[in-house]
Structures are given as C-alpha cells and as structure tokens.
Amino acid sequence: MKPQRQLPLLFIFISFFITTAAASIRNAAAAPPQQFREAPEFYNSAECPSIENTHELICSDEAVHAAMTLDSAYIRGSMAAILSILQHSSCPQNIIFHFVASASADASHLRATILASFPYLKFEVYRFDDSSVSGLISTSIRSALDCPLNYARSYLANILPLCVRKVVYLDSDLVLVDDIAKLSETPLGENQILAAPEYCNANFTSYFTPTFWSNPSLSLTFADRKACYFNTGVMVIDLHRWRNGDYTRKIEEWMELQKRMRIYELGSLPPFLLVFAGDIAPVDHKWNQHGLGGDNFRGLCRDLHPGPVSLLHWSGKGKPWARLDANRPCPLDALWAPYDLLKPPFSFDS
C-alpha cells in the first residue's frame, strides 16, 4: 500500500514542475523587447557640402557610406555604433547607413527601432538572402561565426546600389571616437580593392590548417605576397573594383574548397585572407583597436594596443553590453557605456 500512497504525491510534483516550466515560458515570451532612447540630432559644420535628401545622398560623391549588418541579437551594439559615428563626425548629415538584414528577420521592426532613436537618420535596409551562402558555410570554432549574416560583407557589392563606389564596412561591436570621413578617405592606390589595418606580428599560419600548409598548390597562394592578418570588422572597400574583379566569386571558391577538405577553422575571415592578404591598402592601427572582447576566450579582459585610438572594437566572445548587464565588466567596457541607448527596464512604461 505504501507505493499507492506515494503515487498521487509524485503526480503533484510532476504537475508542479510542468506548471512552473509553463509559467517560465510565458514570462519569457511576455518579457518586453529592448527599447532605446532617442539620440540627439547632429548637424553638419559650416564647411560641409549640402545634400538635400537621402535619394541624392545615396549616389553622391560627397556622401560617406557606412555599411553594417543588422539583427536582433546585436541591435544594441549597432545603436551604440551609430551614435558614436554621428557624434564624432564633422558632417553627420552627409553619412548614409546601409544596413543589411537577414531575409528571415523582421526588417520592419529593425527599421522602426532605428527610426525611433534616430528619426533624422539617412539609411536603407537591405535583405540578405541567407540561402546564397548557407550551403557554403563550414562549422568553425565559434558558433556565432557560422551565422549566414556574418558573411554578408562578402556580398556588399551585390547588395548595395551600383552607384555606391566606396563603403566603410563596420561590425556592430565597436564605437568610433574619431571622424568616419577620415577613414572613408583612405587612399586605395591604383589597384587595391580594400583597406584595413594590418597586423604582421600575428601568427598568420595559425589561421589555416596543416592540410592547407602541407599542400604545395594551396600554400603557394601566398608565395608572392607579404601576407599579414587583418580584421574584417573594419574595412574600406572599393565596390566598383570589387564588382569588376568578381571578388565575391573568388571568396566563394575558397569556401567551396573548405567544405571539401577543411583548410581553415575560423568563419568568414580566412577566405578574405586568402583573397586579399598581402595586397591591401594600409590603415593606421588606431582605426581598429580590436580584440577587446577577448577574442575567442570568454572572460578575458584586454588592454588597448599602444598608440592613439580612433575606433574601439570588442571583437571576440565578450560583448560590453553583456558584461555590463552581468556586473562583470572589463575596464575598457566603460568606454562603450556612454553610447548605450538602451532604456532601463523600469522606464519602459514611462
């Protein structure tokens, strides 16, 4: 009879846990979405050329074009990046933002979020067809790097209007503390496709597998180039030259080879290195103080590289907003916090 008396009690416990789990799911679903404060409006200095509207700005040689990906996971970082760009620009009204969102994302919600905080902003939102790249992606050492939107930078020449000649591509986990126009004006020389800060003291061989280096036909890829690591989170790209050279296809060819024989381990970076390393225009290191997210090590705090700073980049696993929310910030996260537009939860209804 003892088991019979315990059976109803077991059912009570099971019912309790089911009810609790259901309540947790309902509470999570009912949690308010992120809401952001409206940013102040920034105006051109007297020396800036006047451009009347967004349509004219898109194809104007006077415009500064900034491209970023946009999604719900990193929207908080994107908002901070936008604010930092505008705040430090001498001609903020001449900047047009090109946001690339996944075709499966709620683009109307993303657009409304941007407009609510930056009602004066000149921008376009473009849909990126995930299927164009999802079949080419190989698993990497960090799952976040396998998101198809992470590869959208390889398709900017196809996504943006043909009249856009030069664009500054920026990741969402950074802030600028200098005028983006200075970065946009980086000279690309006669033949170079892109510009970025190079880091020749990095161990370049570590970005590719022994399979790659042991194959003479592959390792000779860098034979005539002084190939150095560069971070693809900050790049100045000549889209006309990119289109003329069909560089998207060249990157895809390396990704197709990766699917067959595993020649690298790290997401969208190695194909860029294979195509461009050793043949890019130089950019001062101050324009990408990267690795502030600890690279591939969660919980690792980094110091700034020696020298001046124009851009701080929290590349890596640790994002400043997540560490601040968890009350476990790194010292340099305090430099990101002033650009955070997120409303605290208690002010959502005010």
Side-chain angles (χ1 to χ4, degrees), residues 33-42 54 64-89 92 95-128 130 144-145 147-153 155-156 159-160 167-178 180 183-184 231-235 237 268 287-290 292-293 310-325 333 335-343:
Q34 290 182 325
Q35 295 185 24
F36 299 91
R37 294 180 286 109
E38 182 174 338
E41 186 169 0
F42 299 92
T54 302
V64 172
H65 296 273
M68 303 173 67
T69 56
L70 197 63
D71 66 358
S72 57
Y74 283 85
I75 186 68
R76 188 172 171 188
S78 300
M79 302 290 275
I82 296 166
L83 177 58
S84 73
I85 292 168
L86 296 174
Q87 183 171 320
H88 295 283
S89 172
I95 302 173
I96 184 164
F97 288 85
H98 302 270
F99 297 118
V100 181
S102 169
S104 60
D106 186 348
S108 60
H109 174 70
L110 293 172
R111 177 185 291 275
T113 302
I114 297 294
L115 277 174
S117 290
F118 303 97
Y120 49 81
L121 196 70
K122 299 180 177 71
F123 71 95
E124 298 287 339
V125 178
Y126 307 86
R127 297 292 193 104
F128 176 59
D130 296 1
L145 301 177
C147 172
L149 193 60
N150 194 47
Y151 292 79
R153 72 196 81 192
Y155 295 85
L156 291 175
I159 297 170
L160 272 57
V167 69
V168 178
Y169 174 80
L170 299 169
D171 275 351
S172 298
D173 52 358
L174 52 77
V175 294
L176 274 73
V177 292
D178 202 344
I180 190 175
L183 179 58
S184 179
N231 181 279
T232 55
V234 179
M235 298 183 290
I237 306 172
S268 63
W287 285 106
N288 195 354
Q289 288 270 352
H290 69 283
L292 304 185
S310 291
L311 185 152
L312 299 111
H313 187 187
W314 279 262
S315 58
K317 284 188 175 182
K319 302 308 175 188
W321 55 88
R323 296 194 296 216
L324 288 164
D325 288 351
D333 294 345
L335 300 177
W336 180 89
Y339 303 100
D340 186 13
L341 289 173
L342 185 72
K343 288 182 179 180

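What you see is a predicted model; the values in this text were computed from it and never measured. The figures that follow rest on heavy atoms only: side chains count, while hydrogens, waters and symmetry mates do not.
Ala101 and Val125 make their closest contact through CB-CG1, 4.3 Å (heavy atoms, listed as atom of the first residue, atom of the second, distance). Residues Ser104 and Asp130 share a closest heavy-atom pair of OG-OD2, 3.7 Å.
In this structure, CG in Asp106 is found 9.0 Å from OG in Ser72, a value given to the nearest 0.5 Å. Rounding to the nearest 0.5 angstrom, the gap separating the NE2 atom in His88 from the OG atom in Ser310 is 10.0 Å. The OG atom of Ser172 lies 11.5 Å from the CE atom of Met79; values are rounded to the nearest 0.5 Å. Note: Trp336 CH2 to Trp321 CH2 = 6.5 Å, rounded to the nearest 0.5 Å. For the atom pair CG of Asp173 and CH2 of Trp314, the computed distance is 9.0 Å after rounding to the nearest 0.5 Å. Note that NE2 of His290 is 11.5 Å distant from CG of Leu311, once rounded to the nearest 0.5 Å.
Every residue meeting the side-chain contact (heavy atoms from CB on, under 4.5 Å) condition with Glu38, not counting sequence neighbours, appears here in chain and number order: Pro119.
Looking at heavy atoms from C-beta onward, Leu342 lies out of side-chain contact with Arg37 at the 4.5 angstrom threshold. Residues Trp287 and Leu176 form a side-chain contact, since some pair of their non-hydrogen atoms from C-beta on lies under 4.5 Å apart. At a threshold of 4.5 Å between non-hydrogen side-chain atoms, the residues Tyr120 and Phe42 count as touching. In this structure, Leu86 and Phe97 have side chains that are in contact, with non-hydrogen atoms separated by less than 4.5 Å. Contact of the Ile95 side chain with the Ile180 side chain is registered, since non-hydrogen atoms from C-beta on lie closer than 4.5 Å. For the pair Tyr169 and Thr232, the minimum side-chain heavy-atom distance is 4.5 Å or more. Ile96 is not listed as a side-chain neighbour of Val64, based on a closest heavy-atom distance of 4.5 Å or more. Side-chain atoms of Arg153 and Asp171, non-hydrogen and from C-beta on, do get closer than 4.5 Å to each other.
Here Asp325 does not pair with Lys319 in a salt bridge; the nearest charged N to carboxylate O distance is not below 4.0 Å.
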Start with the C-alpha distance between Val234 and Leu170, add both sets of side-chain angles, then the distance that settles side-chain contact (heavy atoms from CB on, under 4.5 Å), and finish with yes or no.
CA-CA 5 Å; Val234 179; Leu170 299 169; 4.1 Å; yes
With side-chain contact (heavy atoms from CB on, under 4.5 Å) as the test, would you mind laying out the steps for Leu292 and Leu312 before giving the verdict?
CA-CA 8 Å; Leu292 304 185; Leu312 299 111; 3.8 Å; yes
Using side-chain contact (heavy atoms from CB on, under 4.5 Å), reason through His65 and Val168 one step at a time and then give a plain yes or no.
CA-CA 6 Å; His65 296 273; Val168 178; over 6 Å; no
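No donor-acceptor contact under 3.5 angstrom links the side chains of Asp71 and Thr69, judged on distance only. Remark: the His313 side chain and the Asn288 side chain contain an N/O donor-acceptor pair separated by less than 3.5 Å.
For Tyr126 and His98, the distance between ring centers is under 6.0 angstrom. Ring to ring, Tyr155 and Phe128 are close: their centroids are under 6.0 angstrom apart.
Put simply, the side chain of Arg323 never gets that close to the backbone of Asp333: no donor and acceptor are under 3.5 Å apart. At distances below 3.5 Å, not a single donor-acceptor pair connects side-chain atoms of Ser117 with backbone N or O atoms of Ile114. Checking side-chain atoms of Ser89 against main-chain N and O of Ile85 turns up no donor-acceptor pair under 3.5 Å.
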